[in-house]
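Contents: one structure, followed by commentary.
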Amino acid sequence: MMSRFSLLAGSLLSLTAQAQAQNGSYIQYSTVTGYFLQDEPSTNATTFDYTSTNFGLINRTYPSDPCGYGSTNLTQWQRFTRQVYTLNLESPSNIDYKVLFMGRHGEGYHNAAQTFYGTPAWNCYWAEVDGNGTAIWADAHLDPAGIAQAQTANAFWAHELAVQMIPAPQTYYTSPLYRCLQTANITFSGLDLPASQPFLPLIKHGLREGISIHTCDRRSNRSVIHAAVPSWPFEPGFPEYDQLWNGVTAETSSAQAVRSKKVLDDIFGADPSTWISITSHSGEIGSILSVLGHQPFSLNTGAVIPVLVRAETVKEQPSPTTSSQPWTVSPHCTSPPLTSINNGACVCQGSAMPVTTTLPGSGPTYAARV
Ligand SMILES: *[C@@H]1O[C@H](CO)[C@@H](O)[C@H](O)[C@H]1NC(C)=O
Ligand SMILES: *[C@@H]1O[C@H](CO)[C@@H](O)[C@H](O)[C@H]1NC(C)=O
Ligand SMILES: *[C@@H]1O[C@H](CO)[C@@H](O)[C@H](O)[C@H]1NC(C)=O
Ligand SMILES: *[C@@H]1O[C@H](CO)[C@@H](O)[C@H](O)[C@H]1NC(C)=O
Ligand SMILES: *[C@@H]1O[C@H](CO)[C@@H](O)[C@H](O)[C@H]1NC(C)=O
Ligand SMILES: *[C@@H]1O[C@H](CO)[C@@H](O)[C@H](O)[C@H]1NC(C)=O
Ligand SMILES: *[C@@H]1O[C@H](CO)[C@@H](O)[C@H](O)[C@H]1NC(C)=O
């Protein structure tokens, strides 16, 4: 499995780089529906609680169920595990099924501040500064509510492992933003995990939140991250400084979708695991879901969504062209707006026009990347 994908990454693409419609291999993703409530159109994401619904796993029979399975007392997760194993066994070598458990970080100080100030004032001013003197939200940490949400996820995993015999993740990935480091750390601490599958997440830049001019989207230096979680590995080439956040322009959703496809290609191309944990953000998980062809499903802070993914490697075909919009400037105010205006545009104090440069004091400015 690994050699198949690294051949693609290593030779085919580089030989034909720049070609308009190059013939290489690419991975086509889809969500296999019918297994989880989260991919049913009738499920309301706002009120959905993954902890009271067995992660959303639908009670059903599978073609792979053993004869008379009812008398064997296999749990729904044990039978689903057999089903996923069977799907992989019976599919051709260019088709791979994986289950992604994607967890959104618990509530951070930036989430609380957005609620406190209201979204317009947050977007137009407060999100561009590091904090308000009481709370700091640059690379926000979890607030007490967010820590409690991660503890809920931890207790739920403990329950599912012990009662449902759910397969423990075989590999773990996390966004480099601090709120995700904390969430993953709390969620998977103290669990009865197999010794061969330790909780040691790989820190991947591609899992970070959509990069706006908000200081909560600027990551800490690598050395700061390393000091917080010294045993966790970084993906190769992870730089000391954040080279993407610039405080002036914001990643567009199409550019983010290209990044999400790339991070999925990285993971599916190199990781033979079937059961994978990803800790990330609402915007980034939403972007990954769209690449996977999953219906939109907005996660509440601290919530986890499992997705059964079918990945098909299509060979020797022109890969579909993906276009992405360049990053755009984000007009904002240099002092708090007097009122919150709900039309999405910033209305600054007095007759001040919104600015499109970075704010003094909002941190270092790096070269804009488009
Ligand atoms: C790419 O593949 C298509 C379909 O197999 C083929 O018709 C076409 O000639 C190929 N193009 C190149 C540049 O190899
Ligand atoms: C989902 O639930 C929320 C909260 O109860 C409600 O406001 C919303 O209308 C519901 N959405 C749909 C599509 O039913
Ligand atoms: C599945 O069935 C069990 C009882 O057998 C029930 O407790 C649980 O709520 C059901 N789960 C779903 C998602 O319907
Ligand atoms: C399955 O569970 C039922 C009820 O808990 C029990 O009576 C039965 O002996 C169990 N069967 C097996 C094969 O363990
Ligand atoms: C700063 O923001 C927090 C919300 O994150 C709020 O609770 C606090 O009261 C604010 N401090 C000031 C001085 O307004
Ligand atoms: C991770 O968990 C360990 C053990 O509970 C703790 O000592 C450490 O401070 C945590 N680190 C972070 C970044 O939350
Ligand atoms: C990263 O380190 C540099 C050099 O020490 C420092 O100037 C900068 O503020 C740091 N960046 C962040 C986001 O803390």
Can you tell me if [X] uses its side chain to pair, donor with acceptor, with the backbone of [Y] under 3.5 Å?
{"X": "Q83", "Y": "D65", "result": "no"}
{"X": "N221", "Y": "V224", "result": "no"}
{"X": "Q295", "Y": "E40", "result": "yes"}
{"X": "E235", "Y": "L202", "result": "no"}
{"X": "D139", "Y": "Y178", "result": "yes"}
{"X": "W245", "Y": "S212", "result": "yes"}
{"X": "W137", "Y": "V129", "result": "yes"}
{"X": "R179", "Y": "C216", "result": "yes"}
{"X": "E251", "Y": "I211", "result": "yes"}
{"X": "N246", "Y": "T249", "result": "yes"}

Calculate, to the nearest 0.5 Å, the distance between atoms [atom1] and [atom2] belonging to [X] and [Y] respectively.
{"X": "N59", "Y": "T53", "atom1": "CG", "atom2": "OG1", "answer": "10.0 Å"}
{"X": "T174", "Y": "F188", "atom1": "OG1", "atom2": "CZ", "answer": "10.0 Å"}
{"X": "L191", "Y": "E160", "atom1": "CG", "atom2": "CD", "answer": "11.5 Å"}
{"X": "Y125", "Y": "Y117", "atom1": "OH", "atom2": "OH", "answer": "9.0 Å"}
{"X": "W122", "Y": "H110", "atom1": "CH2", "atom2": "NE2", "answer": "7.0 Å"}
{"X": "D130", "Y": "R218", "atom1": "CG", "atom2": "CZ", "answer": "5.0 Å"}

| field | side-chain contact (heavy atoms from CB on, under 4.5 Å) between W232 and L181, worked out | value | CA-CA 10 Å; W232 297 10; L181 308 179; 3.9 Å; yes

Report yes or no: do [X] and [Y] belong to one cluster of Ile/Leu/Val/Met/Phe/Trp/Tyr joined by side chain heavy-atom distances under 4.5 Å?
{"X": "Y62", "Y": "I95", "value": "yes"}
{"X": "W126", "Y": "I136", "value": "no"}
{"X": "W77", "Y": "L193", "value": "yes"}
{"X": "I225", "Y": "L200", "value": "yes"}
{"X": "L244", "Y": "L177", "value": "no"}

| request: Measure from NZ or CZ of R222 to the centre of the six-membered ring of Y241 and say whether it is under 6.0 Å with the direction within 45° of the ring axis. | output: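 Pair R222/Y241 does not count as cation-pi.
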
| query | Distance under 6.0 Å and angle within 45° of the ring axis: does R60 meet both against Y35? | reply | yes

Just wondering, do [Y] and [X] contact through their side chains at under 4.5 Å, heavy atoms?
{"X": "Y50", "Y": "I305", "result": "no"}
{"X": "F199", "Y": "N185", "result": "yes"}
{"X": "Q256", "Y": "K261", "result": "no"}
{"X": "Q76", "Y": "N54", "result": "yes"}
{"X": "T119", "Y": "Q114", "result": "yes"}
{"X": "V99", "Y": "V84", "result": "yes"}
{"X": "M165", "Y": "L161", "result": "no"}
{"X": "R259", "Y": "H205", "result": "yes"}

| request: Would you please test E240 and S223 for side-chain contact (heavy atoms from CB on, under 4.5 Å) and show each step? | output: CA-CA 7 Å; E240 171 67 6; S223 48; 2.7 Å; yes

For the student: nearest non-hydrogen atoms of [X] and [Y], plus distance:
{"X": "L74", "Y": "P66", "answer": "CD1-CG, 3.9 Å"}
{"X": "S25", "Y": "T313", "answer": "CB-CG2, 4.0 Å"}
{"X": "Q38", "Y": "G56", "answer": "OE1-CA, 3.5 Å"}
{"X": "A311", "Y": "I27", "answer": "CB-CG2, 3.8 Å"}
{"X": "Q349", "Y": "P336", "answer": "NE2-O, 2.7 Å"}
{"X": "C180", "Y": "H105", "answer": "SG-CB, 4.0 Å"}

Judged by modelled atom types alone, do [X] and [Y] share a side-chain donor-acceptor pair under 3.5 Å?
{"X": "T215", "Y": "E128", "result": "no"}
{"X": "D265", "Y": "Y26", "result": "no"}
{"X": "S254", "Y": "Q325", "result": "no"}
{"X": "T171", "Y": "D271", "result": "yes"}

| message | Quick check on the 6.0 Å ring-centre criterion: do F36 and F80 meet it? | response | yes

| message | Can you confirm whether or not the ring centre of F101 sits under 6.0 Å from the ring centre of W157? | response | yes

| remark: side-chain contact (heavy atoms from CB on, under 4.5 Å) test vs Y29 passes for just one of V309, V307, I288, namely V309

| task | Using the side-chain contact (heavy atoms from CB on, under 4.5 Å) rule, pick out the option among D39, L87, L292 that qualifies with L308. | result | L87

Pairs of donor and acceptor atoms involving the side chains of residues 274-282, under 3.5 Å and at least two apart or interchain, shall be tabulated with distances.
from	atom 1	to	atom 2	distance (Å)
S280	OG	L207	O	2.7
H281	NE2	S175	OG	2.8

| query | Do C333 and C346 have their SG atoms less than 2.5 Å apart? | reply | no

| field | Nonpolar side-chain network containing I186, other nodes, edges under 4.5 Å | value |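 Under the 4.5 Å side-chain rule, I186 groups with L142, I147.
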
| request: Could you pull out all residues at least two apart from R208 that satisfy salt bridge (Lys or Arg N to Asp or Glu O under 4.0 Å)? | output: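 Counting only residues at least two positions away or on another chain, R208 forms a salt bridge (Lys or Arg N to Asp or Glu O under 4.0 Å) with D242.
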
| query | What orientation do F234 and F238 show, parallel under 30°, tilted 30 to 60°, or perpendicular over 60°? | reply |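 Answer is tilted, since the angle falls between 30° and 60°.
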
| query | Got a sec: does the CG of D192 have more than 12 other heavy atoms crowding it under 6.0 Å? | reply |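 No, because the 6.0 Å sphere around CG of D192 holds 12 heavy atoms or fewer from other groups.
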
| Test: E284 and R104 ion pair at under 4.0 Å | no

| task | Would you check, one step at a time, whether the test side-chain contact (heavy atoms from CB on, under 4.5 Å) holds for H332 with V355? | result | CA-CA 5 Å; H332 55 272; V355 298; 3.6 Å; yes

| Run the side-chain contact (heavy atoms from CB on, under 4.5 Å) check on V163 and T75 step by step: do they pass? | CA-CA 8 Å; V163 176; T75 70; over 6 Å; no

